[in-house]
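Start at 1 with the first residue, then count along the sequence.
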Amino acid sequence: MLDKRRIRLMTKTAIYEKRYGEEDFKINSYYQKDYASLNTWITLIWITIGFFLLAGLVFLCSGEAVVEGITIMKLMIILLLAVGSYFSLLIIYGIGAGSFYKRKHIQAKQRVKKYMRDLSRLEKMNVKKEKNRS
């Protein structure tokens with residue numbers, strides 16, 4: 001006879017494995033601080049690359065107009081604005097990425113924990129079923 005609870009539990013674990021399983025196990029293989037730090041650094045590196053690409057593009061598009069009437073004071077102001085906006089962008093994205101990846105690790109860890117608990121329940125049901133057969 002089919003056990004409905006067992007079938008539901010097996011379906012639930014199969015859905016988890018298909019939807020989240022592989023990514024959650026990769027995330028869960030790191031400590032929370034290591035995972036958040038690594039991905040925050042990766043985010044900051046990509047922000048740096050994007051900022052310099054955007055700054056180069058802006059300079060290429062409007063560089064001639066800026067360079068025509070440039071003085072030392074205007075150059076210092078432009079550089080100060082660029083550096084200030086770069087560092088503020090890094091701080092904002094660094095804080096945001098850190099909290100995002102910490103939360104992502106916590107959620108993955110909770111899902112893996114629930115999955116393991118479900119597997120344990122399933123194993124107990126299988127052992128109980130085998131004892132009843134004997």
Side-chain angles (χ1 to χ4, degrees):
M1 182 171 190
L2 296 175
D3 185 11
K4 289 183 182 180
R5 288 187 308 154
R6 187 167 163 246
I7 292 172
R8 285 185 188 133
L9 199 53
M10 288 171 62
T11 305
K12 188 177 176 182
T13 56
I15 289 171
Y16 170 79
E17 288 173 359
K18 188 171 185 170
R19 186 177 297 166
Y20 300 110
E22 189 176 332
E23 183 181 357
D24 282 354
F25 289 129
K26 284 180 185 177
I27 292 171
N28 206 32
S29 67
Y30 292 97
Y31 290 111
Q32 178 181 346
K33 186 175 181 179
D34 293 342
Y35 178 76
S37 297
L38 173 67
N39 285 297
T40 300
W41 277 108
I42 290 170
T43 301
L44 294 179
I45 289 169
W46 281 110
I47 291 295
T48 301
I49 292 169
F51 181 83
F52 285 116
L53 286 175
L54 183 66
L57 185 64
V58 168
F59 182 74
L60 284 176
C61 290
S62 62
E64 188 177 322
V66 172
V67 175
E68 282 180 6
I70 194 112
T71 62
I72 297 287
M73 190 60 143
K74 285 183 183 178
L75 182 64
M76 295 301 278
I77 291 173
I78 291 172
L79 288 176
L80 191 63
L81 283 172
V83 170
S85 62
Y86 171 69
F87 281 119
S88 64
L89 194 66
L90 274 184
I91 290 169
I92 291 169
Y93 271 91
I95 292 170
S99 64
F100 172 78
Y101 287 114
K102 282 180 186 177
R103 186 172 53 248
K104 188 173 179 179
H105 186 275
I106 290 169
Q107 290 171 348
K109 190 172 185 175
Q110 289 172 348
R111 285 191 300 261
V112 168
K113 195 180 220 182
K114 188 175 180 183
Y115 171 73
M116 291 300 184
R117 187 174 56 238
D118 289 343
L119 283 181
S120 176
R121 286 180 186 161
L122 193 58
E123 180 65 27
K124 287 178 185 177
M125 286 180 181
N126 287 337
V127 169
K128 188 176 180 180
K129 185 177 180 182
E130 290 296 320
K131 283 184 181 180
N132 288 338
R133 282 187 184 175
S134 302

**Prompt:** If you group Ile, Leu, Val, Met, Phe, Trp and Tyr by side-chain heavy-atom gaps below 4.5 Å, do Phe59 and Tyr86 land in one group?
**Reply:** no
Could you grab the distance from atom [atom1] of [X] to atom [atom2] of [Y], nearest 0.5 Å is fine?
X	Y	atom1	atom2	answer
Thr43	Phe100	OG1	CZ	8.5 Å
Glu123	Leu9	CD	CG	11.5 Å
Glu22	Glu17	CD	CD	11.5 Å
Ile47	Ile45	CD1	CD1	11.5 Å

Any side-chain heavy atom of [X] within less than 4.5 Å of one from [Y]?
X	Y	answer
Ile42	Asn39	yes
His105	Tyr31	no
Arg8	Lys12	no

**Message:** Can you confirm whether the side chains of Tyr35 and Ser29 place a donor and an acceptor under 3.5 Å from each other?
**Reply:** no
Within the distance-only criterion (no hydrogens, no angle test), does the side chain of [X] pair as donor or acceptor with the backbone N or O of [Y] below 3.5 angstrom?
X	Y	answer
Asn28	Asp24	no
Ser120	Met116	no
Ser37	Asp34	no

**N-O pairing of Lys104 and Glu23 below 4.0 Å** = yes
**Message:** Check Asp3 with Lys129, please: is the shortest side-chain N to carboxylate O separation under 4.0 Å?
**Reply:** no
**Request:** Starting from the C-alpha separation in whole Å, work towards a yes-or-no answer on side chain to side chain contact (heavy atoms under 4.5 Å, CB included) for Phe25 and Tyr115.
**Result:** CA-CA 11 Å; Phe25 289 129; Tyr115 171 73; 3.5 Å; yes
**Request:** Determine the minimum heavy-atom distance between Val112 and Tyr16, stating which atoms define it.
**Result:** CG2-OH, 3.3 Å
